[in-house]
Structure formats: structure tokens, C-alpha cells
Trainee: 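For reference, the structure I am asking about is given below.
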There are 2 protein chains.
Amino acid sequence: MPAAKKKAARATSAKSPAIEDYLEQIHNLIATKGYARVVDIAENLSISQASVTNMVQRLAGEGYLLYERYRGIVLTDEGRMVGEAIARRHDVLSRLLSGFGLDPETVHRDVEGMEHHISRQTLEVLTLLMEELEANPALVTRLKQRLR
Amino acid sequence: MPAAKKKAARATSAKSPAIEDYLEQIHNLIATKGYARVVDIAENLSISQASVTNMVQRLAGEGYLLYERYRGIVLTDEGRMVGEAIARRHDVLSRLLSGFGLDPETVHRDVEGMEHHISRQTLEVLTLLMEELEANPALVTRLKQRLR
DNA sequence: TAACAGTGTTAGTCTCGGCTAATTTTCTTT
DNA sequence: AAAGAAAATTAGCCGAGACTAACACTGTTA
């Protein structure tokens with residue numbers, strides 16, 4: 001195979017919500033604890049350890065991370081980019097909705113679902129909205145009054 | 001099993017995105033054409049007719065619609081409620097994003113994905129936002145300037 | 001250093017929601 | 001009314017992504 005890529009993850013490839021959830025979670029764990037263990041990923045995603053091992057092997061095969069049995073997990077540049085992108089969407093959505101006083105449990109559930117379906121352009125719009133609302137509490141107050 | 005329900009769809013039961021897509025589409029077809037044929041549902045969801053037949057039978061079993069082989073499809077109250085709810089979320093999200101001039105293709109893809117993950121409370125917030133922006137073009141203009 | 005607890009892995013299975021191919025029913029057209 | 005076209009259905013299959021049970025590795029601790 002002369003000029004063939006091994007099957008590396010392309011920036012534009014279709015990522016399933018499942019893949020994005022794993023990468024987001026692995027990214028978050030590495031960012032906060034310095035490493036990502038199978039048991040923690042499983043705990044945070046509320047799935048079994050066996051499922052995590054399976055998926056991690058697949059993600060390694062697709063070029064999102066480096067994996068050595070019984071050893072550890074390291075994100076590739078590609079994997080880190082995806083994880084960070086989802087984390088950013090998560091943050092924007094959370095702050096946008098939290099600003100209106102929605103209960104944290106609801107915010108969490110909705111954000112969890114929505115974050116996988118937001119394009120770059122939509123993210124920009126929602127970021128704009130979030131920033132405006134955070135900079136303009138009077139507007140939020142006025143809007144919230146209509147929530148009754 | 002003395003006091004057991006037959007397995008009817010409860011208002012609070014978990015509906016998969018797939019189920020919601022079918023019910024939204026069936027609802028839309030009935031609203032615009034007066035009836036929902038398998039071939040049209042398949043076309044609108046970009047899936048095969050066989051898949052539609054299968055799912056329609058399942059939805060009938062779960063109480064979302066009435067179905068008679070080779071005849072027709074009628075939504076139950078439960079099915080109509082779900083279909084309308086999703087259509088409402090679709091409308092709010094579309095208008096909210098379109099207001100910022102995002103290209104229709106992008107709006108469509110994002111809305112399609114997000115509409116299944118929006119709680120009643122979040123819908124209220126987004127509705128509020130949409131109404132404010134539609135009533136206040138000056139605000140939109142000001143925000144859009146920051147999009148560059 | 002031997003054993004135990006905890007973590008990780010493998011093997012095999014399940015459900016969901018698609019698919020194609022073949023068949024049946026209905027509709028339309030002559 | 002018979003034939004061909006269109007729509008609907010059935011049967012069997014597949015891949016994603018979960019699960020459990022059993023087994024393997026690792027690291028700590030007596």
C-alpha cells in the first residue's frame with residue numbers, strides 16, 4: 001500500500017455520539033486527574049468496564065488515542081481535538097441554560113444530549129448569546145420574569 | 001399479574017430519537033396532506049419502506065398509533081402529543097438559529113439532532129430567547145456584528 | 001513472597017434500528 | 001377485467017454499542 005493512510009481518523013469523519021462521549025470523558029479525566037483509567041471512564045459514563053475496554057480498543061484503532069493493554073491511555077492530537085470540542089460545547093450550553101436558573105439536573109441531561117449535534121456555526125451563535133446574557137444581567141432578569 | 005397495565009405508552013416513558021422522528025414525521029404528513037403513507041415517511045426520513053413498516057408496527061404495539069395492514073395509519077392521542085411536542089421543539093430551534101442567518105442546511109442538520117434532547121424547561125427558555133430576538137431586531141443586528 | 005483486592009480484558013450474547021430481496025396487496029390504465 | 005406499476009409487507013441479515021461471566025494482570029499488604 002504505497003500512498004495509503006492506515007485508516008487514521010480524519011478531522012471531518014463522522015463521529016458517533018458514543019465516540020464523542022468517550023473522548024470528552026477521557027479528556028476531562030486527563031485534564032483533572034492527569035490520567036484516564038478504565039474504571040473511572042466506566043463510572044463517569046455509567047457503563048460497564050468491559051464496554052469501556054472494547055471501545056477504547058476501537059478508538060485506538062481509529063487513531064483517536066494510544067493504548068497499551070493493562071497500561072494506559074493517551075489521546076492523540078486528533079482525539080484531544082474532538083474531546084476539547086465537545087467539552088467546549090458542553091460548557092457553552094451549560095452556562096447558557098444555567099443563566100436562566102434551570103435546575104442543574106435538567107441542564108445536565110439536556111446538555112448531555114444536545115452537545116453532539118452542534119455545528120461550528122451554531123456554536124458561535126450560542127456562544128454569542130451566552131456572552132450577551134452574562135454581560136447583561138438586566139436582560140436576563142427581564143426575560144426571566146416572563147417565565148411564569 | 002393482577003393490576004398490570006397492558007404495556008401502553010406512558011406520557012413519561014422513554015422515547016428513543018428514532019421513535020420521536022417517526023411520530024414527528026407522521027404528524028407533519030397528516031397535518032399537511034391529511035394522511036401518512038409508508039412511502040412518504042420513508043422518503044422524508046431517508047430510510048427504506050421496509051424499515052418504516054417494521055417501526056410502524058412497533059409503534060402500534062406501543063400505543064402511539066392505530067395501524068391496519070395495507071390500510072392506513074392514525075395517531076393516538078399519545079402519539080399525536082409526542083409528534084406535536086417534537087414539531088414544536090423543531091420550530092423553536094429553527095427560528096432561533098435562522099434569526100442569526102445560519103445557512104438553512106446547517107440549521108436543519110443541527111435542529112434535527114438537538115430536538116430530541118430538550119426538556120420542557122429548556123424549551124421554555126429557548127422560546128423566550130427566540131421571542132425576544134424576533135421582537136428586537138436591533139439586538140440581533142448588534143450581536144451579528146460580533147460574528148466576524 | 002504469597003495471597004488478596006482491585007482493575008483490566010476476553011468471550012459471548014442481546015437489543016435497536018437499520019438494510020436487501022422476495023412476496024403480496026392495491027392502484028391505475030388500457 | 002386483466003396486466004403492469006406502485007406501495008406495503010415479510011423474512012432474514014447486519015453493525016453499533018451495550019451487557020454478564022469468567023479470566024488475567026497488577027500492586028499492596030501481611
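For clarity, every value in this text was computed on a predicted model and none was experimentally measured. Residue numbers start from 1 in every chain, and the chains themselves are labelled A, B, ... in the order their sequence lines are given, proteins ahead of strands. Below, each value reflects all heavy atoms present in this structure, side chains not excepted, and no hydrogens, waters or symmetry copies.
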Trainee: Rounded to whole angstroms, how far apart are CD on Glu68(B) and P on dT25(C)?
Mentor: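 After rounding, the reported distance stands at 14 Å.
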Trainee: Write down the distance between CG (Asn54(A)) and P (dG8(C)), rounded to a whole number of angstrom.
Mentor: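 Whole-Å distance recorded here is 14 Å.
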Trainee: Measure CZ/Arg71(B) against P/dA8(D) and give the value in whole Å, please.
Mentor: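 After rounding, the reported distance stands at 12 Å.
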Trainee: Considering only NZ, NE, NH1 and NH2 on the basic side and carboxylate oxygens on the acidic side, decide whether Arg146(B) and Glu132(A) come within less than 4.0 Å.
Mentor: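 Salt bridge: no.
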Trainee: Which sits closer to the 5' end of DNA chain D, Gln49(B) or Met55(A), going by the nucleotide each is nearest to?
Mentor: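 Taking each residue's closest nucleotide, the earlier one in sequence belongs to Gln49(B).
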Trainee: From the list dA7(D), dT9(D), dA18(D), which nucleotide is the closest neighbour of the side chain of Val39(B)?
Mentor: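 Nearest to the side chain of Val39(B) among the choices is dA7(D).
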Trainee: Is atom CD of Glu43(B) surrounded by more than 12 heavy atoms (other residues, nucleotides or ligands) closer than 6.0 Å?
Mentor: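 No, because the 6.0 Å sphere around CD of Glu43(B) holds 12 heavy atoms or fewer from other groups.
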Trainee: Taking only the side-chain nitrogens and oxygens of Tyr67(A), find out if one of them lies under 4.0 Å from OP1 or OP2 of dT9(C).
Mentor: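 For dT9(C), OP1/OP2 do have a side-chain N/O of Tyr67(A) under 4.0 Å.
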Trainee: Between dC19(D) and Ser48(A), is there an OP1 or OP2 to side-chain N/O distance shorter than 4.0 Å?
Mentor: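 Yes, within the criterion.
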Trainee: Just the rounded figure in Å: distance from P of dA6(D) to CZ of Arg37(B).
Mentor: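 My rounded result for the distance is 12 Å.
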Trainee: Would you tell me if any nitrogen or oxygen in the side chain of Ser51(B) comes within less than 4.0 Å of OP1 or OP2 on dC19(C)?
Mentor: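 Yes.
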Trainee: For Tyr35(A) and dT26(D), give me the distance from atom OH to atom P, rounded to whole Å.
Mentor: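 Result: 18 Å.
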Trainee: Can you find a side chain N or O atom of Ser16(B) that sits less than 4.0 Å from OP1 or OP2 on dG17(C)?
Mentor: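 Answer is yes, contact under 4.0 Å.
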Trainee: In whole angstroms, how far is the C1' atom of dG15(D) from the CD1 atom of Ile47(B)?
Mentor: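 Answer to the nearest Å: 16 Å.
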Trainee: Rounded to the nearest Å, what distance is computed from the CD atom of residue Gln57(A) to the C1' atom of nucleotide dT9(C)?
Mentor: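 In whole Å, dT9(C) C1' lies 7 Å from Gln57(A) CD.
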Trainee: Please answer whether the main-chain N or O of Ala85(B) pairs with a side-chain N or O of Arg89(B) as donor and acceptor at a distance below 3.5 Å.
Mentor: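 Yes; at least one donor-acceptor contact below 3.5 Å.
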Trainee: Can you tell me the distance, in whole Å, between the NZ atom of Lys15(B) and the P atom of dG17(C)?
Mentor: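 From Lys15(B) NZ to dG17(C) P: 14 Å.
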Trainee: Between Asp77(B) and Arg80(B), is there a side-chain N and carboxylate O pair less than 4.0 Å apart?
Mentor: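 Yes, charged N to carboxylate O under 4.0 Å.
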Trainee: Counting C-beta onward and ignoring hydrogens, is there a side-chain heavy-atom pair between Leu93(B) and Ile118(B) closer than 4.5 Å?
Mentor: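 They are in side-chain contact.
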Trainee: Is the phosphate of dA6(D) approached by Tyr70(B) (side-chain N or O, under 4.0 Å from OP1 or OP2)?
Mentor: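 No, outside the criterion.
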